[in-house]
Amino acid sequence: MILTVTMNPSVDISYPIKDFKLDAVNRCKETSKTAGGKGLNVSRVIHLMEEDLLATGIVGGFLGRFIQQELDETQIAHHFYEIEEESRNCIAILHEGMQTEILESGPTITTAQEKAFLNTFHSLLDGVDVVTISGSLPNGIDPLFYNRLLDECYEKNIPVLLDSSGSYLKEALNHPHKPYLIKPNLDELKQLTYQEGNQLSTLDLIEVLEHPLFEDIPVIVVSMGKDGAFVKWQEHYYKVDIPPIPVANPVGSGDATIAGLAVAIKHHQSPLDTLKTAMTTGMLNTMEEKTGYIDKTKFNHYFNQVYIEEINKKDRGSIYD
Ligand code: ATP
């Protein structure tokens with residue numbers, strides 16, 4: 001089974017408003033409210049791939065119950081730690097082709113709640129093949145909390161796919177118990193390694209991935225939107241090309257990619273098939289309006305069009321030597 005972790009899920013509210021006006025009353029007819037958060041997108045795509053999963057994290061109050069109810073309706077198994085303080089709303093106002101967002105920060109977690117969740121997490125690990133951890137942490141929680149989850153998984157020899165950014169990711173990379181896989185996009189990679197400039201060539205990418213920060217991380221998938229991905233898999237480097245596709249909404253494609261990676265790793269697919277699976281779930285999400293949604297019937301068609309080339313590392317010193 002795959003265990004997905006979403007520490008600060010949300011109720012995502014979308015307000016399409018044609019002529020949005022500031023400092024005035026705006027009325028909205030077609031509101032949509034859905035359970036959101038990167039880890040929940042991952043969960044939906046794993047579920048649509050017809051794989052066993054359990055979603056966990058922390059939810060609170062009325063909004064927390066809404067999130068759980070929605071997972072029940074889509075028959076996604078979940079076991080969240082419940083608190084009283086409300087989970088957050090994330091509001092997107094869609095106006096004149098633009099999107100104005102208001103993101104609540106969510107509940108502030110106490111030390112006692114943090115410990116209680118850690119116990120819950122520990123108790124859920126039996127029978128788990130792969131853990132995915134997505135997104136940021138709620139307020140109040142130890143900023144090194146993901147390292148505690150890595151410790152628990154290390155004890156049970158369970159691979160962790162960590163899709164986070166900034167200090168959460170950096171702290172995990174510096175921790176002795178490493179994630180098995182990370183999936184930064186290009187911006188996140190540049191932020192991590194203080195790279196500047198827009199373009200990174202294949203050789204630049206190899207050098208960036210030789211940064212000491214990535215030592216002992218078995219798999220690094222640098223996702224690059226329509227340009228596919230660049231991957232370090234153990235000692236091998238791969239450039240992954242994808243076909244042009246009709247794009248409907250690319251939001252959440254990174255989460256769909258993590259879902260594909262988790263499913264493939266659970267099934268011990270070869271590195272090349274794992275990358276093809278991940279690119280395919282990413283593309284399928286991009287082709288849909290709904291975030292965290294894929295049409296599995298199109299899977300084989302796109303899987304067969306992913307092209308992977310192994311890149312031989314030039315025999316030269318690293319910029320980090
Ligand atoms: P997000 O933060 O929205 O979840 P991300 O920045 O983490 O996304 P991307 O690199 O944009 O992730 O996309 C992940 C994968 O989804 C890509 O590797 C690719 O397979 C697919 N994808 C994303 N955008 C496109 C696109 N415009 N055309 C084709 N495939 C895409």
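Every number for a ligand or one of its atoms is a count from 1 in the order of the listing. The shown structure was predicted, so the numbers you read here are calculated from the model rather than taken from an experiment.
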To which protein heavy atom is atom 21 (C) of ligand 1 closest, and what is the distance rounded to 0.1 Å?
Gly282 C, 3.6 Å
Give the numbers and elements of all ligand 1 atoms closer than 4.0 Å to a heavy atom of Asp255.
4 (O)
for atom 7 (O) of ligand 1, nearest protein heavy atom and its distance come out as Lys183 NZ, 3.0 Å
Between Asp12 and Lys33, does at least one N-O distance fall below 4.0 Å, as a salt bridge requires?
no
Assign the ring pair His177 / His175 to parallel, tilted or perpendicular, where the plane angle (0 to 90°) is split at 30° and 60°.
perpendicular
Atom 6 (O) of ligand 1: closest protein heavy atom, distance to 0.1 Å, is Asn185 ND2, 2.9 Å
Among all protein heavy atoms in this structure, tell me which lies nearest to atom 22 (N) of ligand 1, with the distance rounded to 0.1 Å.
Thr286 OG1, 3.4 Å
Out of Thr291, Thr286, Thr281, which one pairs with Ser253 under the side chain to side chain donor-acceptor pair (under 3.5 Å) rule?
Thr286
Please identify each residue that fulfils side chain to side chain donor-acceptor pair (under 3.5 Å) with Lys232, with sequence neighbours left out.
none
Are Tyr293 and Ile2 connected in a single hydrophobic cluster, I mean Ile/Leu/Val/Met/Phe/Trp/Tyr linked by side-chain heavy atoms less than 4.5 Å apart?
yes
I'd like to check which ligand 1 atoms, numbered from 1 as shown, lie under 4.0 Å from a non-hydrogen atom of Met224.
10 (O)
Can you figure out which of Ser165, Gly225, Gly228, Ser253 has its heavy atom closest to atom 19 (C) of ligand 1?
Gly225
How are the rings of Phe117 and Phe145 set relative to one another: parallel (under 30°), tilted (30 to 60°) or perpendicular (over 60°)?
tilted
Heteroatom proximity flag, Gly252 to ligand 1, N/O under 3.5 Å:
yes
Heavy-atom count around Glu30 CD within 6.0 Å, excluding the residue itself: above 12?
no
In terms of residue, atom name and distance, what is the protein heavy atom nearest to atom 1 (P) of ligand 1?
Gly254 N, 3.7 Å
Ile242, portion touching ligand 1 at heavy-atom distance under 4.0 Å:
side chain
I'd like the name of whichever of Asn249, Val247, Ile245 reaches closest to atom 29 (C) of ligand 1 through any heavy atom.
Ile245
Taking NZ, NE, NH1 and NH2 as the nitrogens, is one of them in Lys239 or Asp241 under 4.0 Å from a carboxylate oxygen of the other?
yes
Between the side chains of Asp255 and Arg44, is the shortest nitrogen-to-carboxylate-oxygen separation below 4.0 Å, so that they form an ion pair?
no
Residue, atom and distance of the protein heavy atom nearest atom 2 (O) of ligand 1 read Lys38 NZ, 4.2 Å
Taking heavy atoms and a distance under 4.0 Å, where does Val251 meet ligand 1: side chain, backbone, both or neither?
backbone
For ligand 1, the portion of Ser223 having any non-hydrogen atom under 4.0 Å away
both
Note: ligand 1 atoms sitting under 4.0 Å from heavy atoms of Thr257 are 14 (C), 15 (C), 16 (O)
Near Pro250 (heavy-atom distance under 4.0 Å), the atoms of ligand 1 are 3 (O)
More than 12 foreign heavy atoms under 6.0 Å from NZ of Lys266: is that the case here?
yes
